[in-house]
Amino acid sequence: MRILDKTGTLRMAHDGNGQRPEIDRGALRNLLLSSLPPGLVRWNARVTGIDREESGFKLSFADGGVATAGILIGADGAWSKVRPLVSEASPFYSGISFVELRYLDADQKHPTAAALVGKGLMFALSDERGIFGHREPNNELCVYAALKVPADWSRQPISRDVLHQHFHGWHADFHKVLANSDGDLLPRSIWMLPEGHSWPRTSGVTLLGDAAHLMSPFAGEGANLAMIDGADLASAIIAHPNDIERAFAAYEATMFPRAREAAAASAAGLELAFEPNAPQAMLDFFTPKG
Ligand SMILES: Cc1cc2nc3c(=O)[nH]c(=O)nc-3n(C[C@H](O)[C@H](O)[C@H](O)COP(=O)(O)OP(=O)(O)OC[C@H]3O[C@@H](n4cnc5c(N)ncnc54)[C@H](O)[C@@H]3O)c2cc1C
């Protein structure tokens, strides 16, 4: 991990301790899917409505189809259609929007970006904004330009000129990075559920992953939590084979405190990244005390 400020000065570098392995999203997805029997996942089946019925749930799909289910596990992400069955909470805007930039064949074609990002993760922080870089497999880089902007900012077309203006006064290398990515600029506004989101036990239904505990990516735990939720829920169902309500209750009792802790860490991480004196608070956070 590398932490820089807007002058391009390297303020901290850490080689890591091997305890935080990373995996490309697509590789992880293929790994998980390849363990399922073919045909189990029904693709292109967007749920548009869910009604509770006497014996379970009726799901309506965008193609006009319907299905019934005895129980329902909402693993349907930030804008979950299942969540309203258990909770009135809905995501709120974190105040931060990212613009995603991608760099292919980075070491050869984008040496400035490759040098800034290094071998892992890079945070450049100043002026309550940031440029975050991440090395991915196949010599590819992902960079987020992160800004405190209103929620609807990313709904308008975003140009490189606009990005250059937001990073006025930053070192020329950062402007080179903003000027020269491959492909389109991809806006990604960051939304979250209230910290400690939970719900009373609700017959026949539960949630996991972002549907249960959407948070900003500043703890780097979103995919980890979704996977451990899935594994814990499976274990709870195996442990209570004839009592799904006990299984759901046991799973939720483990999941709620874990999600609360990660949401607090992600809120704290967001604060550190965007404080006026950044990157100082983040440097302090990573400096061993005593
Ligand atoms: C910019 C950004 C960067 C991030 N970086 C990281 C990171 O580095 N590390 C990390 O761990 N996490 C990161 N996260 C968070 C991570 O992406 C999520 O926490 C994780 O994907 C949650 O997994 P999930 O399965 O719960 O939800 P999702 O990955 O959102 O999956 C939900 C699935 O449900 C489907 N679905 C949704 N609605 C419906 C519907 N109505 N009908 C049918 N299907 C539906 C979707 O198509 C999707 O396949 C990042 C998030 C953002 C926004």
Side-chain angles (χ1 to χ4, degrees), residues 1 20-33 36 40-51 57-67 69 72-85 90-102 117 120-123 130-137 140-147 151 154 185-193 197 206-234 255 258-259 262-263 265-267 269-270 273:
M1 182 170 64
R20 301 267 307 172
E22 298 199 342
I23 184 165
D24 171 65
R25 237 168 243 269
L28 175 61
R29 182 174 180 273
N30 291 339
L31 192 68
L32 295 172
L33 282 171
L36 298 176
L40 191 73
V41 177
R42 217 178 112 193
W43 298 107
N44 298 318
R46 186 164 61 86
V47 175
T48 50
I50 303 173
D51 295 305
F57 303 92
K58 187 177 107 186
L59 286 83
S60 311
F61 292 89
D63 64 2
V66 291
L72 207 49
I73 296 166
D76 50 346
W79 304 102
S80 172
K81 283 270 187 292
V82 181
R83 190 190 300 123
L85 294 173
S90 55
F92 62 91
Y93 179 57
S94 69
I96 305 295
S97 287
F98 290 179
V99 179
E100 180 176 326
L101 303 102
R102 315 277 324 176
V117 172
L121 189 60
M122 181 269 301
F123 292 100
I131 295 180
F132 311 141
H134 190 235
R135 188 170 280 270
E136 298 192 345
E140 193 170 335
L141 304 176
C142 172
V143 167
Y144 297 120
L147 296 166
S154 48
L185 305 176
L186 305 170
R188 304 215 181 274
S189 51
I190 306 297
W191 295 73
M192 54 212 270
L193 280 167
H197 175 235
T206 194
L207 307 175
L208 62 79
D210 278 5
H213 42 63
L214 179 68
M215 61 188 75
S216 78
F218 287 90
E221 292 291 353
N224 288 342
L225 290 174
M227 287 192 293
I228 192 75
D229 286 356
D232 280 352
L233 178 55
M255 180 271 287
R258 176 173 60 218
S266 101
L270 187 149

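When a ligand or atom number is given, it counts from 1 through the structure's own listing order. All values reported here derive from a predicted model rather than from experimental measurement.
- Residue A45 places a heavy atom under 4.0 Å from ligand 1.
- Using a 4.0 Å cut-off between charged side-chain N and carboxylate O, R258 and D229 make a salt bridge.
- Without hydrogens or angle criteria, S94 side chain to I190 main chain gives a donor-acceptor distance under 3.5 Å.
- For Y144, the heavy-atom gap to ligand 1 drops under 4.0 angstrom.
- D63 CG: more than 12 foreign heavy atoms inside a 6.0 Å radius.
- Proximity to G77 (heavy-atom distance under 4.0 Å) selects the following atoms of ligand 1: 27 (O), 30 (O), 32 (C).
- No side-chain heavy atom of H213 sits under 4.5 Å from any side-chain heavy atom of H197.
- Taking distance alone, with nitrogen or oxygen atoms compared against 3.5 Å, A226 stays at or beyond that limit from ligand 1.
- For atom 42 (N) of ligand 1, the protein comes within 4.0 Å by at least one heavy atom.
- Within a 4.0 Å radius of atom 48 (C) of ligand 1, the protein contributes no non-hydrogen atoms.
- The CG atom of L147 lies 10.0 Å from the CZ atom of F98; values are rounded to the nearest 0.5 Å.
- For the pair D51 (side chain) and K58 (backbone), a donor-acceptor distance under 3.5 Å is absent.
- Listed by number with element, the atoms of ligand 1 under 4.0 Å from a non-hydrogen atom of A75 are 32 (C), 33 (C), 34 (O).
- Remark: W191 CH2 to L214 CG distance equals 10.0 Å, nearest 0.5 Å.
- For atom 23 (O) of ligand 1, the nearest protein heavy atom lies under 4.0 Å away.
- Residue-level proximity to ligand 1 for F98 is carried by the side chain, the only part with a heavy atom below 4.0 angstrom.
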Item checked: Step-by-step ring pair (Phe, Tyr, Trp, His ring centres under 6.0 Å) determination, Y144 to F132 -> CA-CA 5 Å; Y144 297 120; F132 311 141; 7.3 Å; no

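- In terms of polar-atom proximity, A223 is counted as a contact of ligand 1, with an N or O under 3.5 Å from an N or O of the ligand.
- Looking only at protein heavy atoms, the nearest one to atom 15 (C) of ligand 1 is G222 CA, 4.2 Å.
- Ion pairing between a basic and an acidic side chain is recognised when a charged N comes within 4.0 Å of a carboxylate O; R25 and E136 show no such pairing.
- Counting heavy atoms from C-beta outward, L207 and R83 have side chains that approach closer than 4.5 Å.
- Under the 4.0 angstrom criterion, atom 8 (O) of ligand 1 counts as lacking any protein heavy-atom contact.
- For atom 53 (C) of ligand 1, the closest non-hydrogen atom on the protein side is I190 CD1, 4.1 Å.
- Nearest-residue assignment for atom 21 (O) of ligand 1 (options R25, E22, K81; heavy-atom criterion): R25.
- Looking from atom 40 (C) of ligand 1 to the surrounding protein, the closest heavy atom is V47 N, 3.7 Å.
- Looking at V47 and F61, their side chains come closer than 4.5 Å, going by heavy atoms from C-beta outward.
- In terms of protein heavy-atom proximity, atom 52 (C) of ligand 1 is closest to P217 CG, 4.2 Å.
- Protein heavy atom at the shortest distance from atom 38 (N) of ligand 1 is D76 O, 3.6 Å.
- Salt bridge R20/E221: present, at least one basic N to carboxylate O contact under 4.0 Å.
- Between the choices D210, V41, I23, the shortest heavy-atom distance to atom 19 (O) of ligand 1 belongs to D210.
- Those atoms of ligand 1 with a heavy atom of G209 less than 4.0 angstrom away are 26 (O).
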